[in-house]
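Here is the structure we will look at, set down as structure tokens.
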Number of protein chains: 2
Amino acid sequence: METQEIRNAGLKVTLPRVKILEILEKQGEDRHLSAEKVYKILLAEGEEIGLATVYRVLTQFEAAGLVERHHFEGGNSIFELNTGSHHDHVVCIKCGKVDEFTDEIIEKRQLEIAERLGYNLTEHSLYLYGYCADCKNL
Amino acid sequence: METQEIRNAGLKVTLPRVKILEILEKQGEDRHLSAEKVYKILLAEGEEIGLATVYRVLTQFEAAGLVERHHFEGGNSIFELNTGSHHDHVVCIKCGKVDEFTDEIIEKRQLEIAERLGYNLTEHSLYLYGYCADCKNL
DNA sequence: CTGCCTGCAAAATTTTTGCAGGGCC
DNA sequence: GGCCCTGCAAAAATTTTGCAGGCAG
């Protein structure tokens, strides 16, 4: 399973890569992880993998299209397994919870706007920030 | 002019603050500057202002609502004078040109989506990336 | 005068890179 | 054996902070 994805990316199947991919696929509540977070999970699982390797592997996965990198507010990068279906994000500014959504209307408008301004749209990022249902009442 | 804005922000009117505000108001083609860029402009004008001060002042201006801080792809923060009218951005991934736009339909959809997901929307960022008219044909 | 400001240097944070050793094919 | 891969430590890049002196009000 993972081994094939890694091979398809033109990378050797090694322990760090398999482990990191596994963590990203363990898509529980948290599909959106920082490199630091991935690193800590690895440590917690008793793996001896360096933070530099985590960054290297995530960057390689990103180049291969396996993973997407986001820049939410707060400085550091957040990584997410690429599910193949594009979506945007809502981030809770209190607890950090992340929800996903897609909206055809917004997608279409973006293309129209880019075209109107003379741009050849290749990518976009849309992040909504606010208080989630749980944090709203605190 | 600028002095009043600074005073209204509850800050003392000092040379660095006036100078930085002036640079941001010199809204030629480039209204979108990194701290580093502002610093270099100051140096080019012969001012003896430290980079740390540039960051401090920009952060204060941001807190006062005078300035907006953006996180385009590429790591560093970009600052822009707050004109009072909200807008989103299109960024050329080749030459770095920035265009602005607003779209009522997108704005409305964002609110609806946030509400549907239970979020109390406080902020959002929408960046489109692509090749601008000039870079498209290179 | 008093307290906010500033420049400088050092620290903090996040991410990248160099290098020497190891393992896969 | 050759080459890709990894851990470690050092380097980079960006932003923040501590401190001692200065200036606005």
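Because the structure is a prediction, the values reported are computed rather than measured. Below, chains carry the letters A, B, ... as their sequence lines are ordered, and counting in each starts from 1.
- Between Arg56(B) and Gly10(A), the residue whose closest nucleotide on DNA chain D is further toward the 5' end is Gly10(A).
- Within 6.0 Å of the NZ atom in Lys108(B), the count of heavy atoms belonging to other residues, nucleotides or ligands does not exceed 12.
- Contacts classified as side chain to side chain donor-acceptor pair (under 3.5 Å) and involving residues 33-51 of chain A (residues at least two apart or in different chains) are given here: Lys26(A)-Glu45(A).
- In summary, Arg69(A) and Glu80(A) do not engage in a salt bridge, as defined by a charged side-chain N under 4.0 Å from a carboxylate O.
- Within 4.0 Å (heavy atoms only), Ser34(B) reaches no atom of the nucleic acid at all.
- For the pair Tyr55(B) OH and dT6(C) C1', the computed distance is 17 Å after rounding to whole Å.
- Using a 4.0 Å heavy-atom criterion, one finds that Leu15(B) contacts no nucleic acid atom at all.
- Rounded to whole Å, the distance from OH on Tyr39(B) to C1' on dA13(D) is 15 Å.
- Note: CD (Glu47(A)) to P (dC8(D)) measures 13 Å, nearest angstrom.
- If you measure from atom CD of Glu48(A) to atom P of dC8(D), you get 7 Å, rounded to the nearest angstrom.
- Of the candidate nucleotides dA9(D), dT15(D), dT6(C), dA9(D) has the atom nearest to the side chain of Ala52(A).
- Residue Thr53(A) places its side chain closer to dG7(D) than to any other of dG7(D), dT15(C), dT16(D).
- Between the P atom of dT14(D) and the NZ atom of Lys37(B) lies a distance of 14 Å, rounded to the nearest Å.
- Shown here for His70(B) and Tyr127(B), the closest heavy-atom pair between the two residues is ND1-OH, 3.3 Å.
- Residue contacts shown for Glu36(A) are absent, as no nucleic acid heavy atom lies under 4.0 Å away.
- Between Phe79(B) atom CZ and dT14(D) atom C1' there is a gap of 11 Å when expressed in whole angstrom units.
- In this structure, His71(B) places its NE2 atom 14 Å from C1' of dT14(C), rounding to the nearest Å.
- The heavy-atom pair separating Leu121(A) from Ala114(A) by the smallest distance is CB-CB, 3.9 Å.
- When each of Thr59(B) and Gly50(A) is assigned the nucleotide of DNA chain D with its nearest heavy atom, Gly50(A) is the one assigned upstream, toward the 5' end.
- Between Ala35(A) and Arg17(B), it is Arg17(B) whose nearest contact on DNA chain C lies nearer the 5' terminus.
- To the nearest angstrom, P of dT15(C) lies 17 Å from CZ of Phe61(A).
- Grouping the Ile, Leu, Val, Met, Phe, Trp and Tyr side chains by contacts below 4.5 angstrom, directly or via other members, places Leu126(B) with Val90(A).
- The side chain of Ser77(B) sits closest to dT15(D) out of dT15(D), dT15(C), dT6(D).
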Check the interface with nucleotides 20-25 of chain D: list each N/O to N/O pair with the protein under 3.5 Å, or write none.
{"unit_1": "dA24(D)", "atom_1": "N3", "unit_2": "Lys12(B)", "atom_2": "NZ", "d": "3.4"}

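- Not counting sequence neighbours, His71(A) has no partner by the ring-ring contact (aromatic ring centres under 6.0 Å, His included) test.
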